[in-house]
Protein chains: 2
Amino acid sequence: MDQAKGTRKSRAGGKADTAKVDLTAVVVAVSNNEPCVLTIGQTDTLPSGPLALEHRSLQSGLRTWVEEQTGHPLGYIEQLYTFADRDRAGAELERRVISISYLALTRKEHATAPSRSSWQSWYDYFPWEDHRAGTPPMVSDLLRPRLIEWAESADDDATRLERRRRAAIAFGFGDRPWNEDLTLKRYELLYEAALVEEAMRGSTLPPPVGGKSMVSDHRRILATGISRLRSKIKYRPVVFELMPPAFTLLQLQRTVEALAGRLIHKPNFRRLIEQHQLVEETGETSTETGGRPAKLYRFRHAVLEEGEVAGAKLPLSRA
Amino acid sequence: MDQAKGTRKSRAGGKADTAKVDLTAVVVAVSNNEPCVLTIGQTDTLPSGPLALEHRSLQSGLRTWVEEQTGHPLGYIEQLYTFADRDRAGAELERRVISISYLALTRKEHATAPSRSSWQSWYDYFPWEDHRAGTPPMVSDLLRPRLIEWAESADDDATRLERRRRAAIAFGFGDRPWNEDLTLKRYELLYEAALVEEAMRGSTLPPPVGGKSMVSDHRRILATGISRLRSKIKYRPVVFELMPPAFTLLQLQRTVEALAGRLIHKPNFRRLIEQHQLVEETGETSTETGGRPAKLYRFRHAVLEEGEVAGAKLPLSRA
DNA sequence: TCCAATTATACTCTACCTGAATATAAGGCG
DNA sequence: CGCCTTATATTCAGGTAGAGTATAATTGGA
């Protein structure tokens, strides 16, 4: 501690209390009922860049980098989390790297310029997170046995029990319900169990359990973004950031389902949307749905002005 | 943007993409039904210190600083927000300052060493946030007229309407309900209206509207912590971090009320606690309450292990 | 001693919210 | 025309939350 105090006083000079600050964005869009994240290059890398002095704020720095790297101007953004794991700093660096991550919601059509960015489905990175068609086979056939194996490999009974319990809660084993919000917890558990590629860099041991990995800790950041978004759609009307100006109620439902990774009871979904007056009819209808034409709706922007007081939430309340 | 790109390439050398990183803690305890925050010195300053290379992580750096400055080892902590306002950097500094803030919950008794720290009531800094005895007079008599004045001073009708609406939502004017979670929003509104001291540093204009201010942006950080905690007690059993090992249900209720700044319907509170099985009887009773002796309870730590799946939430759902 | 004040604990009633199922309407298409 | 598909409306039961009321067990004082 005295050491730490020492570094404080030397703030003007040394590298000890100086850091490189990186801004990283999880940019989300949904199209064709598939939730996507924006990556740059062919390298499974999230848009990011160092905070610089000419940036007026963290947010404006982030917007600048993302627009430059991907051609997407950002609308809605919110801060996610700040990471500073030691292993983020390459061994050759004498400086720590801080990574401030943001969640951004947009639509693919908003791109203004072609660029070397591309959209990837969430579920390419997290195949165990899509429960829209029921529990994915890979969960029961692959993850579950590997996690049980991991639990059993613990040294003492208490740890074994604890690991089994954590896995059961996170993945909904046994008769427990699956909770879509726990994306980050699930990823961290798989990391701890060394079942994802990132956890075993430099190792030669058993192969990872599935899902593309990403550069450095970007998959963890993506998991953080998914968790946050899945929670948030339940109590704030943020889905509409991902919708076109006019949409049918089923399109809206499918978008929510894509994000949540689970299906919703249709009549109840409509009831909630209507009773919270989140939308209003445009007067038009769409016949492109195969059956009876559906009314088109637009988001009632007034709900944003009505304050967080009133409901303004979406279903998915609990499994 | 080209400019920004330029700085990126020069990352190895210049000061442009280098920053000083500060860790700041909002340490909360409740005693005598008063929610308190830990400050150092006599200067209304939150415990804080620069992140240094020898810190294993952000959290451990924070724990080190707080323990050194206040003698309080920390238990529960969670990250709040990362700030990087330009005006945080003193004009003389060529480097940006990043401030990563945390919320910590503890009990005053946990102090291990005497120190130059002290506990201050939240409501000394935010007198408009305590609605336990009804809406405070200062809100109706002082804040409301000043906010209306501010709204009216806008240039155009749209802005005037917008300002009145925002004030009404944030403070629950008219027939709107008061929402205790909006602490940060209220502070930001007062800041924007230049009704708090921090907003008018260097100005000579009308006096601020009340409440002690803090060093630099520490009052904003405290507001962030209060907002987060007031939201969180509704869906996670974090209050128990602030309780002694054994307590009566009324003590528990008073603690929640102290945090929320509003009163709770007693029978409903007990019902919720019991039906979520958050506590278990110790078998003892307490007669120090003046009337009929009250059963003593302890927190059922098992609920933490039962996963965020089950309820585990507290009342205060909506006004 | 016994009453009054104080707090603890238990019970009830109603409105609303939620999950789930069912019924009817309006298009396309062979 | 009749069938398939999707849209839209309605109903029912269980649970939750707000609010009010009743009874129990102490202390302190008349």
Side-chain angles (χ1 to χ4, degrees), chain A residues 33 131 177-180 233-235 246-257 260 262-298 309-319, chain B residues 33 131 175 177-180 233-235 246-257 260 262-297 309-319:
Chain A
N33 300 333
H131 285 229
W178 180 73
N179 184 341
E180 70 276 5
I233 48 175
K234 290 173 194 157
Y235 61 94
F247 48 84
T248 69
L249 290 183
L250 187 58
Q251 285 169 348
L252 181 62
Q253 180 180 344
R254 294 286 178 240
T255 303
V256 174
E257 290 173 338
R262 64 161 23 168
L263 298 180
I264 303 173
H265 188 78
K266 183 147 111 177
N268 293 347
F269 179 80
R270 306 174 113 262
R271 179 175 57 191
L272 240 94
I273 299 294
E274 281 160 6
Q275 84 188 10
H276 288 293
Q277 299 187 290
L278 295 179
V279 298
E280 61 193 2
E281 301 183 8
T282 65
E284 317 267 292
T285 60
S286 164
T287 56
E288 302 170 18
T289 51
R292 170 178 172 175
K295 289 183 189 166
L296 285 170
Y297 293 85
R298 73 173 71 91
V309 193
K313 65 182 175 183
L314 282 171
L316 281 168
S317 31
R318 67 197 83 184
Chain B
N33 300 333
H131 286 230
D175 55 351
W178 179 73
N179 184 341
E180 71 275 6
I233 49 176
K234 289 172 195 157
Y235 61 95
F247 48 85
T248 70
L249 290 183
L250 187 57
Q251 286 169 349
L252 180 63
Q253 180 181 345
R254 294 286 177 242
T255 302
V256 174
E257 289 174 338
R262 62 161 26 171
L263 299 179
I264 302 173
H265 186 78
K266 183 147 106 175
N268 293 347
F269 179 80
R270 303 175 114 262
R271 180 174 57 189
L272 241 92
I273 299 295
E274 281 159 5
Q275 82 189 11
H276 288 291
Q277 300 186 290
L278 296 179
V279 298
E280 60 192 4
E281 302 184 8
T282 66
E284 316 267 291
T285 60
S286 163
T287 56
E288 303 170 16
T289 51
R292 170 177 171 177
K295 289 182 189 165
L296 285 171
Y297 294 84
V309 195
K313 66 183 178 186
L314 283 170
L316 282 168
S317 34
R318 66 198 82 184

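Given the structure is predicted, the values throughout are model-derived calculations rather than measurements. First the proteins, then the strands, lettered A, B, ... as listed; each starts at 1.
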Please report the distance, rounded to the nearest Å, between [atom1] in [X] and [atom2] in [N].
| X | N | atom1 | atom2 | result |
| --- | --- | --- | --- | --- |
| B:His265 | D:dT16 | NE2 | C1' | 14 Å |
| A:Lys234 | C:dC17 | NZ | C1' | 17 Å |
| B:Glu281 | C:dT9 | CD | C1' | 11 Å |

**Prompt:** With B:Pro267, which residues qualify under side chain to side chain contact (heavy atoms under 4.5 Å, CB included), at least two apart?
**Reply:**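 Result, side chain to side chain contact (heavy atoms under 4.5 Å, CB included) vs B:Pro267: B:His265.
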
**Asked** With sequence neighbours excluded, what pairs up with A:Arg292 under the side chain to side chain contact (heavy atoms under 4.5 Å, CB included) test?
**Response**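 Once residues adjacent in sequence are excluded, A:Arg292 has no partner under the side chain to side chain contact (heavy atoms under 4.5 Å, CB included) criterion.
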
**Request:** Take nucleotides 6-12 of chain D nucleotide by nucleotide from the 5' end and write B, S or -, depending on whether a protein heavy atom sits under 4.0 Å from the base, only from the sugar-phosphate, or from neither.
**Result:** BBBBBB-

**Message:** For A:Arg254, give me all partners under side-chain hydrogen bond (donor to acceptor under 3.5 Å, both in side chains), at least two apart in sequence or on another chain.
**Reply:**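 Partners of A:Arg254 under the side-chain hydrogen bond (donor to acceptor under 3.5 Å, both in side chains) test: A:Glu257.
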
**With sequence neighbours excluded, residues passing side-chain hydrogen bond (donor to acceptor under 3.5 Å, both in side chains) with A:Glu274** =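 If we apply the side-chain hydrogen bond (donor to acceptor under 3.5 Å, both in side chains) test to A:Glu274, skipping adjacent residues, there are no hits.
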
**Prompt:** Closest heavy-atom contact between B:Leu249 and B:Phe269?
**Reply:**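 That would be O-CE2, 3.7 Å.
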
**Item:** Minimum-distance pair of heavy atoms, taken over all atoms of B:Ala246 and B:Leu296
**Value:**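 Residues B:Ala246 and B:Leu296, closest heavy atoms: C-CD2, 4.3 Å.
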
**Message:** According to salt bridge (Lys or Arg N to Asp or Glu O under 4.0 Å), who are the partners of A:Arg298, at least two apart in sequence or on a separate chain?
**Reply:**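 Result, salt bridge (Lys or Arg N to Asp or Glu O under 4.0 Å) vs A:Arg298: A:Glu280.
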
**Request:** Not counting sequence neighbours, which residues clear salt bridge (Lys or Arg N to Asp or Glu O under 4.0 Å) with B:Glu281? List them please.
**Result:**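 By the salt bridge (Lys or Arg N to Asp or Glu O under 4.0 Å) rule, B:Glu281 matches B:Lys295.
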
**Asked** Is B:Gln275 near enough to D:dG15 that one of its side-chain N or O atoms lies under 4.0 angstrom from OP1 or OP2?
**Response**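 The answer is no; no side-chain N or O of B:Gln275 sits under 4.0 Å from OP1 or OP2.
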
**Request:** Describe, as an angle rounded to 10 degrees, how the axis at the first end of the helix from C:dT1-D:dA30 to C:dG30-D:dC1 is tilted relative to the axis at the last end, five pairs per end.
**Result:**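 Result, rounded to 10 degrees: 20°.
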
